[in-house]
Amino acid sequence: MDGDLAETLAHPAGFGGAGACATLLFAAPDAGSRLDALRAAAEGLEGVRVGATAFDGLLVVRILGGEARSVRNAYAALWSHLRAAAAGLPTRLPRLWEV
């Protein structure tokens with residue numbers, strides 16, 4: 001990269017000053033139909049900014065936050081939401097995440 005890396009990362013088109021990020025992908029023929037509900041679920045999340053889009057059977061969610069813990073909590077909430085909506089399973093995390 002050319003120039004000041006911190007300035008590039010702080011730009012709104014990049015990380016917008018976020019200290020942590022995550023990307024959640026959901027692939028299914030009906031992925032686009034999950035977009036509005038996922039955006040609604042993201043509205044109540046604190047300490048993060050969430051953007052989501054869907055195309056060609058893929059739902060892409062970007063989570064940015066100042067702290068890794070906030071990003072992890074948001075990822076967990078949205079992943080659990082998709083798990084319940086798409087598979088009809090309980091809204092909970094895999095046991096591995098309970099460590």
Side-chain angles (χ1 to χ4, degrees):
M1 286 186 166
D2 293 332
D4 183 13
L5 181 58
E7 183 180 329
T8 301
L9 290 174
H11 192 278
F15 285 86
C21 71
T23 302
L24 183 132
L25 301 173
F26 175 73
D30 66 343
S33 69
R34 311 270 179 210
L35 183 59
D36 290 337
L38 185 121
R39 284 179 173 162
E43 286 181 17
L45 300 174
E46 295 185 16
V48 294
R49 291 172 287 153
V50 178
T53 191
F55 58 93
D56 297 332
L58 186 64
L59 177 62
V60 181
V61 183
R62 181 181 184 198
I63 306 165
L64 298 173
E67 298 182 14
R69 172 67 79 190
S70 297
V71 170
R72 183 194 185 281
N73 290 342
Y75 187 99
L78 296 176
W79 185 90
S80 296
H81 167 81
L82 280 173
R83 178 182 195 260
L89 297 170
T91 306
R92 68 173 196 80
L93 293 173
R95 286 187 200 135
L96 178 66
W97 279 47
E98 296 173 6
V99 175

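In this text, all values refer to a predicted model and were calculated from it rather than measured experimentally.
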C21 side chain reached by V71 side chain, heavy atoms, under 4.5 Å: no

Just jot down the side chain to side chain donor-acceptor pair (under 3.5 Å) partners of R83, sequence neighbours excluded, or say none. none

Is there a path of hydrophobic side-chain contacts, each under 4.5 Å between heavy atoms of I/L/V/M/F/W/Y residues, joining W79 to V60? no

Any pair counted as salt bridge (Lys or Arg N to Asp or Glu O under 4.0 Å), so long as it reaches residues 38-67, sequence neighbours left out: none

Looking only at heavy atoms, the pair that brings G65 and A18 closest together is O-CB, 3.5 Å

All heavy atoms of R92 vs all of R95, minimum pair found to be NH1-N, 4.1 Å

Please table the atom pairs, donor to acceptor, closer than 3.5 Å between any side-chain atom in residues 23-38 and protein atoms at least two apart or in another chain.
unit_1: D30; atom_1: OD2; unit_2: R34; atom_2: NH2; d: 2.7
unit_1: S33; atom_1: OG; unit_2: D30; atom_2: O; d: 2.6
unit_1: R34; atom_1: NH1; unit_2: A85; atom_2: O; d: 3.1

Please find the pair of heavy atoms, one from T91 and one from A84, that lie closest to each other, and give the distance. OG1-CB, 3.3 Å

Side-chain heavy atoms of L59 within contact of L82, under 4.5 Å: yes

Are L58 and I63 linked, directly or through other ILVMFWY residues, by side chains that come within less than 4.5 angstrom of each other? no

